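Along the sequence shown, the residues carry numbers beginning at 1. None of the values given here were measured: they were computed from a predicted structure.
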Amino acid sequence: MSFRMPQTPEELALVRRYVIWSERPGGSRYLNLLHTNALREDEPDRDAFIAALAEDAQDISDAELAELLGFEWRARLTAAWLIGLGRRTGFRRTLGDLLLAGELVYAGQGYCFALARFGAPEDAEILTAYLDRYLPRGDCHYNQDSAIGALLHLDARLGTTHAQRFLCADGLWHRSSFAAHDPFDAQRDIERLCRFAERVTDRHRPR
C-alpha cells in the first residue's frame, strides 16, 4: 500500500470538509476521534460534533471515502470512522488490506473500530491475521491493542474464541511488546466506541 498528501484544491477541500471540520484550536475532527474526546460528556461543542459526524457519515460518498483512504493517517482515521459509523461493509477488504499493511501509526485505530462495527466473522478473521503478523514483531508497537480489543468484542458478539489462543499463558500476546497491557481494557475501549457510534447513528435513524 502507499499514501500521499492531499495537494489539489479539490483534495484539500475534501480534507477540510471531513477531516478538519472545525477550525477551533484543538477541535479538529481527527484529533477528537484519535483521542476519543467526543466521548466525554463535558467536551465543548459535543452536541455539534456528534450532529455533524452523523450527517457526514450519511452524506459522504463512497468515492470520497476511497479518496480519503489514499491520503495520510489523519484522513484514513477519519474515513475509517465514517465507514464504521455507516457500516459500509463494501470497504471491508480495503480496510483489511490497509490494516495488514501496517503502514501508518494511528490510522489502524480507525480500521479496528470499523471492523468491530461491522461485526461479522470475516472481520474477526482480518483481525486474527493482523495479530498473527504483528504481535511477534517488536518494531511495530501500535494498533495491536485496538486489534485485540476489537477481536474480543467480536468474540463476545459472535460466540467465538479467536482471541483465546493469543491470550493463553504461552500465547503471542504475552510474548509481545504489549504483554504489560490488559487486553480486556482494550475490549472495554472498543465497546465504549461502539456505544458512542450507536448514539451518533441514532441522529439519522427514521422515527
**OP:** For the residue pair Y130 and Y111, establish whether any side-chain heavy-atom pair is separated by less than 4.5 Å.
**Re:** no
Original post:
Which pair of heavy atoms, one from C112 and one from A150, lies closest together, and at what distance?
Top reply: O-CB, 3.7 Å
Original post:
Do the side-chain N and O atoms of S61 and E64 include a donor-acceptor pair separated by under 3.5 angstrom?
Top reply: yes
Subject >> NZ/NE/NH1/NH2 to OD/OE distance under 4.0 Å, D202 and R199 >> reply: no
**OP:** Indicate yes or no: does R175 engage D170 in a salt bridge with an N to O separation below 4.0 Å.
**Re:** no
Original post:
Is the side chain of R76 donor-acceptor paired with the backbone N or O of L69 at a distance under 3.5 Å, no angle test?
Top reply: yes
Original post:
Rounded to the nearest 0.5 Å, what separation is found between the CZ atom of R165 and the CG atom of L131?
Top reply: 8.5 Å
Original post:
Where does the angle between the aromatic ring planes of W81 and F196 fall among parallel (under 30°), tilted (30 to 60°) and perpendicular (over 60°)?
Top reply: perpendicular
Original post:
Any side-chain heavy atom of I148 sitting closer than 4.5 Å to one from L167?
Top reply: yes
Original post:
Backbone N or O of G119 within a donor-acceptor pair of the R87 side chain at under 3.5 Å?
Top reply: no
Original post:
Is there side-chain contact between L104 and L77, with heavy atoms separated by less than 4.5 Å?
Top reply: no
Subject >> Gap separating the CG atom of L82 from the CG atom of L65, nearest 0.5 angstrom >> reply: 6.0 Å
**OP:** Take Y134 and N143 through the side-chain contact (heavy atoms from CB on, under 4.5 Å) test and state the conclusion after the steps.
**Re:** CA-CA 9 Å; Y134 285 100; N143 296 334; over 6 Å; no
Original post:
Does R29 pair with D56 as a salt bridge, N-O distance under 4.0 Å?
Top reply: yes
**OP:** Would you mind reporting whether M5 and F71 have side-chain heavy atoms less than 4.5 Å apart?
**Re:** no
**OP:** Could you grab the distance from atom CG of D189 to atom CZ of F184, nearest 0.5 Å is fine?
**Re:** 13.5 Å
Subject >> pair I83-F118: side-chain heavy atoms closer than 4.5 Å >> reply: yes
Original post:
Is the distance between the ring centroids of W73 and Y106 under 6.0 Å?
Top reply: yes
Original post:
Tell me, do L151 and D123 make a side-chain contact under 4.5 Å, heavy atoms counted?
Top reply: no
Subject >> Verdict with reasoning, R188 to D182, per side-chain contact (heavy atoms from CB on, under 4.5 Å) >> reply: CA-CA 10 Å; R188 286 186 283 272; D182 185 344; 4.0 Å; yes
Subject >> Closest contact, heavy atoms only, A156 versus Q187 >> reply: CB-NE2, 4.1 Å
Original post:
With distance as the sole test, does Q164 use its side chain to make a donor-acceptor pair with the main-chain N or O of H162 at under 3.5 Å?
Top reply: no
Subject >> Hphob cluster co-occupancy, Y30 + L12, side-chain heavy atoms under 4.5 angstrom >> reply: no
**OP:** Would you check if the side chain of D185 reaches a backbone N or O of H181 as a donor-acceptor pair within less than 3.5 Å?
**Re:** no
Subject >> N32/L53 under side-chain contact (heavy atoms from CB on, under 4.5 Å): CA gap, chis, key distance, verdict >> reply: CA-CA 11 Å; N32 278 282; L53 192 61; over 6 Å; no
Original post:
With distance as the sole test, does T8 use its side chain to make a donor-acceptor pair with the main-chain N or O of E11 at under 3.5 Å?
Top reply: yes
**OP:** Heavy atoms only: give me the nearest I190-G149 pair and the separation to one decimal.
**Re:** CG1-C, 3.7 Å
Subject >> Donor-acceptor pair, side chain of R16 and main chain of W21, under 3.5 angstrom >> reply: no
**OP:** Take L193 and Q109 through the test side-chain contact (heavy atoms from CB on, under 4.5 Å) and record every step on the way to the result.
**Re:** CA-CA 11 Å; L193 295 182; Q109 295 179 22; over 6 Å; no
**OP:** To the nearest 0.5 angstrom, please state how far the CD1 atom of I126 sits from the CG atom of L115.
**Re:** 5.0 Å
**OP:** Nearest 0.5 Å please: distance from the NE2 atom of H153 over to the CG atom of L158.
**Re:** 8.5 Å
Subject >> Basic-acidic side-chain contact under 4.0 Å: E122, R93 >> reply: no
Original post:
Which heavy atom in L95 sits nearest to a heavy atom in A114, and how many Å separate them?
Top reply: CD1-CB, 3.6 Å
**OP:** Measure the shortest side-chain to side-chain distance between P183 and L152 over non-hydrogen atoms and say whether it is less than 4.5 angstrom.
**Re:** yes
**OP:** To the nearest 0.5 Å, tell me how far I60 CD1 sits from L85 CG.
**Re:** 11.0 Å
Original post:
Below 4.0 angstrom, N of the basic side chain to O of the carboxylate: do E198 and R117 qualify?
Top reply: yes
Original post:
Are side-chain heavy atoms of Q144 and S176 found at a separation under 4.5 Å?
Top reply: no
